[in-house]
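One structure is given here, and the rest of the page talks about it.
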Amino acid sequence: MLKKVLIANRGEIAVRIIRACAEMGIRSVAVYTDADKYSLHVKRADEAHSLGDDPVAGYLDPLRIVNLALQTGCDAIHPGYGFLSENARFAELCEQYGVTFIGPKSSVIQQMGDKTAARDSMRAAGVPITPGSDGNLANLDEAIALATEIGYPVMIKATSGGGGRGIRRCDSEAELRQQFPRVISEATKAFGSADVFLEKCIVNPRHIEVQILADSQGNVIHLYERDCSIQRRNQKLIEIAPSPQLTPEQRDYVGELAVKAAKAVGYENAGTVEFLLTGNQVYFMEMNTRIQVEHTITEQITGVDIVREQLRIASGLSLSYRQQDIQYRGFALQFRINAEDPKNDFLPSFGRITHYYAPGGPGVRIDTAIYTGYQIPPHFDSMCLKLVVWALNWEDAVDRGQRALDDMRLHGIKTTATYYQQILNHPDFRQGHFDTSFVAGHPELLNYSEKRHPSAVALAIATALAAHAGW
Ligand code: ADP
Ligand code: ADP
Ligand code: MG
């Protein structure tokens, strides 16, 4: 078993990984830049080491991090999500220096992190992919010819893209001409690569992804699916497990496809295979070769601690479960509470958290690195808290989500919490009918009043807070 792990990340996911290490008797080493001196992950780890004064650069410096792991006697590095988590060069550097990278082999990251290479592998493995280009597009003329052949609408996508960026829908040749250079410039700036490709736009699909686990002995299992169709601008807001809108046959089919995809590339550790669904059609979209933000909801419905499994797999142990051991129960929803102002085009709202009261009670889980008095640094992602609820059936899970969002108090910044309550109230959502067009298709849900009618619980909390703070 691993003895000491460096966590090459920050915020809530660093805390999540530190917690798994603590439960397993593995020592944890946090890293931080000056901007993160007061972050919870720094306080919670067994050791913490500085990556310098630049707010971001240290987290993106492979050599510095591998060196630090060696100097502090770590036998492994957990990359979390974002930052270097899907950087094949970083994984390769770990391999060269004999530090275990908690994830797949660098060659597999290379293959799946490049979206066109991943499409090639899946085509070869017999996993259905969206119609589109073979490899990257050479120029605009090639894009226009291909779009004419497969028909509009099409998507132009950055080959090394992620986080919902570098993707544009084009409904006509005129739009394609306009968007093509924009995606190239966005891709170059955000991902350091000008490569783009084209695929058919699946109109109003559902985003269904499957969590898989694979050990070094070649065992691969899936932990069922998550429905991440509630998105804004291709970024996930609310995630649900299992999907309330799959038939048992569809569920088994996507699960088996994901296992097939993972086996085809010799995958190891935790990963997610993302699909688009429309009617009964399923298309592979991409594979994320890392822990995902929404792994929490899969943990709630299956009881499997995914980070623990990652650490076990990286230690060379075989999976703790066979496929037939994996049962799911109830429904879980995750709300990405972002420091953003929904009423102001979701403008980031960084600042100091003057008061924070965490919801609790049955079926509630919180993953966060914030606390009362914490100043959210402006250099990183705006997601500041993940609220997860679980209940035995869909209606109760939605009600529990409402209740937990009502319980929560986060003062000092604007957040997406109240907006999510509007989504939960919508009859289509309550009935479990939604696709990736839901958020854009319901702009009226942004017309809510900031002043909520406090429930009895909320009033009690407010009174308690006021008593403490001397309001
Ligand atoms: P998930 O697929 O786990 O839901 P997201 O797509 O929301 O994850 O991304 C999680 C974090 O990682 C975000 O901060 C996002 O900006 C970042 N990220 C994801 N993919 C990339 C990438 N290819 N390059 C840079 N950052 C990325
Ligand atoms: P990222 O790496 O940024 O997560 P993805 O390829 O996973 O990018 O796409 C993100 C989201 O964009 C999807 O969840 C989906 O909503 C939308 N999307 C991507 N490709 C298509 C497509 N071909 N047709 C329709 N929607 C798409
Ligand atoms: Mg994706």
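The basis for the numbers below is simple: all heavy atoms, side chains too, and nothing from hydrogens, waters or symmetry mates. Whatever order the structure lists ligands and atoms in, that order sets their numbers, starting from 1.
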Expected output: side-chain [X] to main-chain [Y] donor-acceptor under 3.5 Å:
X	Y	answer
N338	T416	no
E149	A145	no
S229	D435	no
H426	D428	yes

Subject >> Polar protein atoms near the Mg ion (ligand 3) [N, O or S; cut-off under 2.8 Å] >> reply: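 Hits for the Mg ion (ligand 3) below 2.8 Å: E274 OE1, E286 OE2.
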
Subject >> Per-atom contacts of ligand 1 with R336, taking only distances under 4.0 Å to non-hydrogen atoms >> reply: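 Answer, ordered by atom number: 1 (P), 4 (O), 7 (O).
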
**OP:** Enumerate the atoms of ligand 1 whose separation from the nearest heavy atom of E294 is less than 4.0 angstrom.
**Re:**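 Once the distances to E294 are compared, the set is 1 (P), 3 (O), 4 (O).
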
Any donor-acceptor pair under 3.5 Å linking the side-chain atoms of [Y] with those of [X]?
X	Y	result
Q292	R226	yes
R308	S320	no
D114	T159	no

Original post:
Could R352 and Y374 be counted as a cation-pi pair, given that NZ or CZ must be under 6.0 Å from the ring centre and within 45° of the axis?
Top reply: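 Because its charged atom misses either the 6.0 Å distance or the 45° angle limit, R352 does not stack over Y374.
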
Which protein N or O atoms sit under 3.5 Å from any N or O of ligand 2? Give each pair with its distance.
| from | atom 1 | to | atom 2 | distance (Å) |
| --- | --- | --- | --- | --- |
| ligand 2 | 2 (O) | K115 | NZ | 2.6 |
| ligand 2 | 2 (O) | E286 | OE1 | 3.3 |
| ligand 2 | 2 (O) | E286 | OE2 | 2.9 |
| ligand 2 | 3 (O) | G163 | N | 3.3 |
| ligand 2 | 3 (O) | G164 | N | 2.6 |
| ligand 2 | 4 (O) | E286 | OE2 | 3.0 |
| ligand 2 | 6 (O) | K115 | NZ | 3.2 |
| ligand 2 | 6 (O) | K157 | NZ | 2.9 |
| ligand 2 | 7 (O) | E274 | OE1 | 2.8 |
| ligand 2 | 7 (O) | E286 | OE2 | 2.8 |
| ligand 2 | 8 (O) | K115 | NZ | 3.0 |
| ligand 2 | 12 (O) | N234 | OD1 | 3.2 |
| ligand 2 | 14 (O) | H207 | ND1 | 2.7 |
| ligand 2 | 14 (O) | Q231 | OE1 | 3.4 |
| ligand 2 | 14 (O) | Q231 | NE2 | 2.7 |
| ligand 2 | 16 (O) | Q231 | OE1 | 2.6 |
| ligand 2 | 20 (N) | K157 | NZ | 2.8 |
| ligand 2 | 20 (N) | E199 | OE2 | 3.3 |
| ligand 2 | 23 (N) | E199 | OE2 | 2.7 |
| ligand 2 | 23 (N) | K200 | O | 2.9 |
| ligand 2 | 24 (N) | I202 | N | 2.8 |

Original post:
Counting both backbone and side chain atoms, is some N or O of R290 under 3.5 Å from an N or O of ligand 1?
Top reply: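 Yes, R290 has an N/O under 3.5 Å of an N/O on ligand 1.
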
Original post:
Considering distance alone, does some N or O of Y81 sit under 3.5 Å from an N or O of ligand 1?
Top reply: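 The answer is no, given that Y81 and ligand 1 share no N or O pair closer than 3.5 Å.
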
**OP:** Supply the atom-to-atom distance D227 CG to F331 CZ, rounded to the nearest 0.5 angstrom.
**Re:**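 CZ of F331 is found 10.0 Å from CG of D227.
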
Original post:
Does ligand 1 have a heavy atom under 4.0 Å from the side chain of V293, from its backbone, from both, or from neither?
Top reply: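 For V293, backbone and side-chain atoms both sit under 4.0 Å from ligand 1.
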
Original post:
Do the rings of H442 and F438 sit parallel, tilted or perpendicular, given the 30° and 60° boundaries?
Top reply: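 If you compare the ring of H442 with that of F438, the planes turn out tilted.
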
Original post:
Can you find a pair of side-chain heavy atoms, one from N87 and one from I109, that are under 4.5 Å apart?
Top reply: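 N87 vs I109: side chains apart.
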
Original post:
Strictly under 6.0 Å, is that where the ring centroids of F90 and F83 end up?
Top reply: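 Ring-ring flag for F90/F83: false, centres at least 6.0 Å apart.
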
